[in-house]
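Working notes, beginning with the structure itself.
No experiment lies behind these values; they were computed from the predicted model shown.
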Amino acid sequence: YFGMTKEDVWFFEQGTMPCLTPEGKIILESPGSIACNPYGNGGVYPALKKSGCLDKLLSTGVKSLHVFSVDNPLCRPADPRFVG
């Protein structure tokens with residue numbers, strides 16, 4: 001748990017959506033099964049809400065989150081300007 005207590009580490013699942021071709025057609029993973037991918041970067045917000053993690057954060061007094069995409073090479077995780 002990254003050196004923290006189990007109670008202080010929360011995991012939640014990001015939602016998925018159907019895969020589409022550039023023409024907008026649904027891609028099948030196999031006959032009768034739609035291929036799915038995780039939502040894009042903005043999917044973290046509804047996932048926080050749906051999982052109950054947002055309510056947990058608010059109940060503990062958290063007022064801000066530093067959220068970034070793992071595929072953004074220009075982002076500095078834990079940048080002191082954001083962390084304080």
Side-chain angles (χ1 to χ4, degrees):
Y1 295 98
F2 315 100
M4 300 171 67
T5 65
K6 183 178 179 178
E7 296 75 29
D8 290 333
V9 178
W10 311 323
F11 293 94
F12 61 94
E13 292 186 32
Q14 187 175 3
T16 59
M17 61 188 296
C19 298
L20 304 175
T21 67
E23 295 77 29
K25 295 182 179 181
I26 294 175
I27 299 172
L28 296 180
E29 185 173 328
S30 61
S33 178
I34 296 174
C36 293
N37 277 326
Y39 285 132
N41 298 330
V44 69
Y45 304 107
L48 276 170
K49 178 68 175 166
K50 183 178 178 181
S51 69
C53 285
L54 180 59
D55 291 332
K56 285 183 183 180
L57 290 166
L58 294 172
S59 72
T60 61
V62 172
K63 294 181 183 177
S64 302
L65 293 175
H66 177 205
V67 178
F68 63 94
S69 305
V70 296
D71 57 355
N72 182 350
L74 301 178
C75 183
R76 292 179 54 194
D79 187 322
R81 290 175 287 188
F82 294 112
V83 177

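- Atom NZ of Lys56 and atom CD of Glu7 lie 10.0 Å apart (nearest 0.5 Å).
- By the rule that hydrophobic residues join a cluster once side-chain heavy atoms approach within less than 4.5 Å of another member, Leu58 and Val67 end up as members of one cluster.
- When all heavy atoms of Cys19 and Cys36 are compared, the closest pair comes out as SG-C, 3.6 Å.
- With Ser51 contributing its side chain and Ala47 its backbone, the two residues share a donor-acceptor pair below 3.5 Å.
- Taking the side chain as every heavy atom from C-beta outward, Cys75 and His66 approach each other to under 4.5 Å.
- The closest side-chain heavy-atom distance from Val44 to Tyr39 is not below 4.5 Å.
- Taken from OG in Ser33 to CD1 in Ile27, the straight-line distance is 12.5 Å, to the nearest 0.5 Å.
- When every heavy atom of Leu65 is checked against every heavy atom of Val62, the shortest pair comes out as CD2-CG1, 4.1 Å.
- Here the CD1 atom belonging to Ile34 is positioned 12.0 Å from the CE atom belonging to Met17, to the nearest 0.5 angstrom.
- Separation of atoms CG (Asp55) and CG (Leu57) is listed at 9.0 Å; rounding is to 0.5 Å.
- Using a 4.5 Å heavy-atom cutoff, the side chains of Phe2 and Val9 are in contact.
- Under a cut-off of 6.0 angstrom, the local environment of CD1 in Ile26 is sparse, with at most 12 non-hydrogen atoms contributed by other residues, nucleotides or ligands.
- Note that the CZ atom of Phe11 and the OH atom of Tyr1 stand 7.0 Å from one another [nearest 0.5 Å].
- Note that CG of Asp8 is 9.0 Å distant from OG1 of Thr60, once rounded to the nearest 0.5 Å.
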